[in-house]
2 protein chains.
Amino acid sequence: MPVTKTRWKRRKEARPQELTAAALELFVEKGFAATRLDEIAARAGVSKGTLYLYFDSKEELFKAVIREGLLPLLAEGEELMASMPGPASELFRAIVLRWWEIVGEGPIGGIPKLIFAEARNFPEIARFYADEVIERGKRLFVAVFRRGIDSGEFRPFDPQALVHIVISPLIMRVIWKHSLDCCGVTNVPLDDYLREYLELTLRGLRRDPT
Amino acid sequence: MPVTKTRWKRRKEARPQELTAAALELFVEKGFAATRLDEIAARAGVSKGTLYLYFDSKEELFKAVIREGLLPLLAEGEELMASMPGPASELFRAIVLRWWEIVGEGPIGGIPKLIFAEARNFPEIARFYADEVIERGKRLFVAVFRRGIDSGEFRPFDPQALVHIVISPLIMRVIWKHSLDCCGVTNVPLDDYLREYLELTLRGLRRDPT
DNA sequence: TATATATTACTGACCGGTCAGTTATATATA
DNA sequence: TATATATAACTGACCGGTCAGTAATATATA
């Protein structure tokens with residue numbers, strides 16, 4: 001039985017997903033500007049020309065990576081909110097832990113660092129991310145806070161003013177993981193971090209410090 | 001009176017500081033990799049060759065920027081700690097506000113974003129920053145926490161575990177300022193942010209929620 | 001079923017432009 | 001005038017995007 005000697009196959013359906021997967025890995029490893037399209041194509045097992053059959057430009061490729069990796073997670077968070085009628089602190093805890101499972105542990109967690117890193121040089125990407133991801137994520141947390149304030153579980157505060165502050169330690173941890181961690185600069189163990197974070201934050205939010 | 005027609009002056013003493021100042025501005029605007037040495041030299045009013053008379057490489061230039069901009073501030077924080085014997089929460093507040101005056105408002109505030117952004121591509125820079133700045137800053141905050149715990153003002157907790165969490169909102173705010181803010185993606189007003197941050201954090205740290 | 005023809009997914013060399021670092025040369029100053 | 005200081009032309013490597021051509025596959029025809 002002779003080995004089939006084809007140099008390549010036609011796989012129109014599978015290519016885009018394979019390309020965005022390779023692109024995600026490399027963008028996270030090296031950043032947007034520093035990643036070469038040749039390398040993305042090579043990792044996906046095609047040539048650079050092929051990449052341009054499926055995506056108009058480097059920026060469009062990046063947007064596709066975001067859409068594929070983060071929008072489903074946001075939808076999941078919104079569903080979680082709708083399906084958990086209990087105390088706001090439990091909902092908050094659930095969303096945070098689920099978020100960490102996907103963003104904290106998976107490769108998509110490299111995206112926030114990349115956005116902050118490259119926003120100024122690629123403002124169109126920044127706007128896209130702000131509109132599609134950040135705004136929507138903030139709305140979710142604000143809704144959680146409102147529920148807690150309305151029920152008297154949380155002290156009265158301005159949810160808009162606290163969103164950034166409250167989620168900062170999560171974003172910072174995932175940024176750290178994909179930057180200084182990679183250079184051997186260590187951080188506190190994850191379990192301790194999340195436990196202490198939830199403790200500190202909920203103590204700060206609650207009306208009565210149970 | 002004829003216009004002095006000298007094409008350039010010898011200014012051995014002044015050059016280094018002028019070059020690091022120009023470099024800081026441009027590194028913050030564009031990032032480390034994306035900043036061209038030609039442009040730094042031009043902004044400092046010299047040629048690129050001149051730059052190489054004072055700094056061995058782009059990385060050495062960057063280290064000089066860090067040393068000049070951040071090490072004095074760390075020393076100041078340590079002095080503040082020694083000179084304020086009162087409650088830990090007041091000391092914490094004073095250090096945070098002073099930090100924001102310099103890092104939050106000045107151009108040096110662009111450095112943290114830059115470090116996280118480029119750490120993976122320039123690990124030597126990351127190590128330098130981790131050793132010279134991050135470690136020393138953490139030691140300062142840990143000392144403040146210890147004072148509060150020992151005096152009974154703060155609840156008992158592991159200072160090491162909480163440093164990252166507590167300072168995250170400050171770092172995130174300064175990262176945001178130098179990335180998404182520049183693309184028109186706004187944030188809560190600064191005064192509100194700092195007030196709510198101190199309120200939330202001190203509520204989370206204190207033994208009694210006064 | 002076998003072969004000719006048409007279609008299209010894919011390749012890889014190439015181009016214009018960029019930039020860190022080098023070096024040959026010019027000039028200000030002691 | 002000697003030389004430290006500064007310039008600017010130069011090198012070589014790199015990279016996003018293009019496109020003429022090639023090879024795999026679909027379809028028509030006998």
Side-chain angles (χ1 to χ4, degrees), chain A residues 2-23 25-27 29-65 114 117-118 120-125, chain B residues 2-23 25-27 29-65 114 118 121-125:
Chain A
V3 179
T4 48
K5 200 56 182 152
T6 55
R7 298 214 288 122
W8 44 267
K9 290 257 191 214
R10 299 169 87 170
R11 297 175 55 243
K12 191 180 166 60
E13 322 304 326
R15 296 298 190 209
Q17 206 280 320
E18 289 169 3
L19 283 163
T20 50
E25 283 179 29
L26 282 160
F27 283 150
E29 276 172 38
K30 313 184 148 199
F32 179 75
T35 296
R36 288 167 294 123
L37 293 179
D38 277 310
E39 212 176 340
I40 294 176
R43 188 168 297 194
V46 297
S47 71
K48 189 168 61 169
T50 299
L51 201 161
Y52 273 89
L53 295 176
Y54 295 101
F55 302 96
D56 287 346
S57 67
K58 203 182 185 186
E59 293 207 356
E60 283 304 317
L61 172 61
F62 183 71
K63 287 185 188 174
V65 170
L114 199 150
E118 320 256 11
R120 232 173 140 164
N121 290 336
F122 301 92
E124 197 192 315
I125 288 180
Chain B
V3 178
T4 48
K5 197 58 187 165
T6 56
R7 297 217 290 130
W8 45 267
K9 291 255 193 212
R10 298 169 82 170
R11 297 175 58 241
K12 190 179 168 58
E13 321 305 326
R15 296 296 191 213
Q17 206 280 322
E18 290 169 3
L19 283 164
T20 50
E25 283 180 27
L26 282 159
F27 284 150
E29 276 171 39
K30 314 186 147 198
F32 179 74
T35 296
R36 288 167 296 124
L37 292 180
D38 279 310
E39 213 176 339
I40 294 175
R43 189 168 294 196
V46 297
S47 71
K48 188 169 62 169
T50 301
L51 201 161
Y52 274 89
L53 294 175
Y54 295 100
F55 302 97
D56 288 345
S57 67
K58 203 181 183 185
E59 294 207 356
E60 283 305 318
L61 172 60
F62 184 71
K63 287 185 189 173
V65 169
L114 200 150
E118 319 258 11
N121 291 334
F122 301 92
E124 197 192 317
I125 288 179

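Below, read A as the first sequence line, B as the second, and so on, with proteins coming before strands; counting in each chain starts at 1.
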Q: May I ask you to verify if any side-chain N or O of A/Arg10 is less than 4.0 angstrom from the OP1 or OP2 atom of D/dA26?
A: no

Q.
Using 0.5 Å steps for rounding, measure from the CZ atom of B/Phe62 to the OG1 atom of B/Thr20.
A. 12.0 Å

Q: Carefully, step by step, assess A/Trp8 and A/Val46 under the rule side-chain contact (heavy atoms from CB on, under 4.5 Å).
A: CA-CA 9 Å; A/Trp8 44 267; A/Val46 297; over 6 Å; no

Q: If C/dA28 has a Watson-Crick or G-U wobble mate with both distances under 3.5 Å, name it; if not, just say none.
A: D/dT3

Q. Does the pair B/Glu18 and B/Arg43 meet the rule for a side-chain contact (heavy atoms from CB on, under 4.5 Å), with working shown?
A. CA-CA 9 Å; B/Glu18 290 169 3; B/Arg43 189 168 294 196; over 6 Å; no

(Q) Between P on C/dC10 and NZ on A/Lys9, what's the gap in Å once rounded to a whole number? (A) 12 Å

(Q) Contact between B/Glu39 and B/Lys30 at the side-chain level, heavy atoms closer than 4.5 Å - yes or no? (A) yes

**Q.** By side-chain hydrogen bond (donor to acceptor under 3.5 Å, both in side chains) - contacts of B/Ser47 (at least two apart)
**A.** B/Thr50

Q) Would a distance-only check, ignoring hydrogens and angles, find a side-chain to backbone donor-acceptor pair under 3.5 Å from B/Lys58 to B/Thr35? A) yes

Q) Taking it one step at a time, do B/Leu61 and B/Ile40 satisfy side-chain contact (heavy atoms from CB on, under 4.5 Å)? A) CA-CA 11 Å; B/Leu61 172 60; B/Ile40 294 175; 4.0 Å; yes

Q.
Rounding to an integer number of Å, can you tell me how far A/Glu60 CD sits from D/dG16 P?
A. 16 Å

Q. Heavy atom of residues 50-59 of chain B under 4.0 Å from DNA chain D: which residues?
A. B/Thr50, B/Leu53, B/Tyr54

Q.
Taking donor-acceptor contacts at under 3.5 Å, does the side chain of B/Lys48 reach the base of C/dG21?
A. yes

Q) What are the residues of residues 32-42 of chain A, sorted by number, that bring a heavy atom to within less than 4.0 Å of DNA chain C? A) none

Q. If you measure from NZ on A/Lys63 to CD1 on A/Ile125, what distance do you get to the nearest 0.5 Å?
A. 7.5 Å

Q.
Rounding to an integer number of Å, can you tell me how far A/Lys12 NZ sits from C/dT7 P?
A. 16 Å

Q) Are A/Arg15 and C/dC10 close enough that a side-chain N or O sits under 4.0 Å from OP1 or OP2? A) yes

Q) Parallel, tilted or perpendicular: which fits the ring planes of B/Phe32 and B/Phe27, with parallel below 30° and perpendicular above 60°? A) tilted

Q) Which residue, B/Gly45 or A/Trp8, contacts DNA chain D at a nucleotide closer to its 5' end, judged by nearest heavy atom? A) B/Gly45

Q: Write down the distance between CG (B/Asn121) and P (D/dC14), rounded to a whole number of angstrom.
A: 15 Å

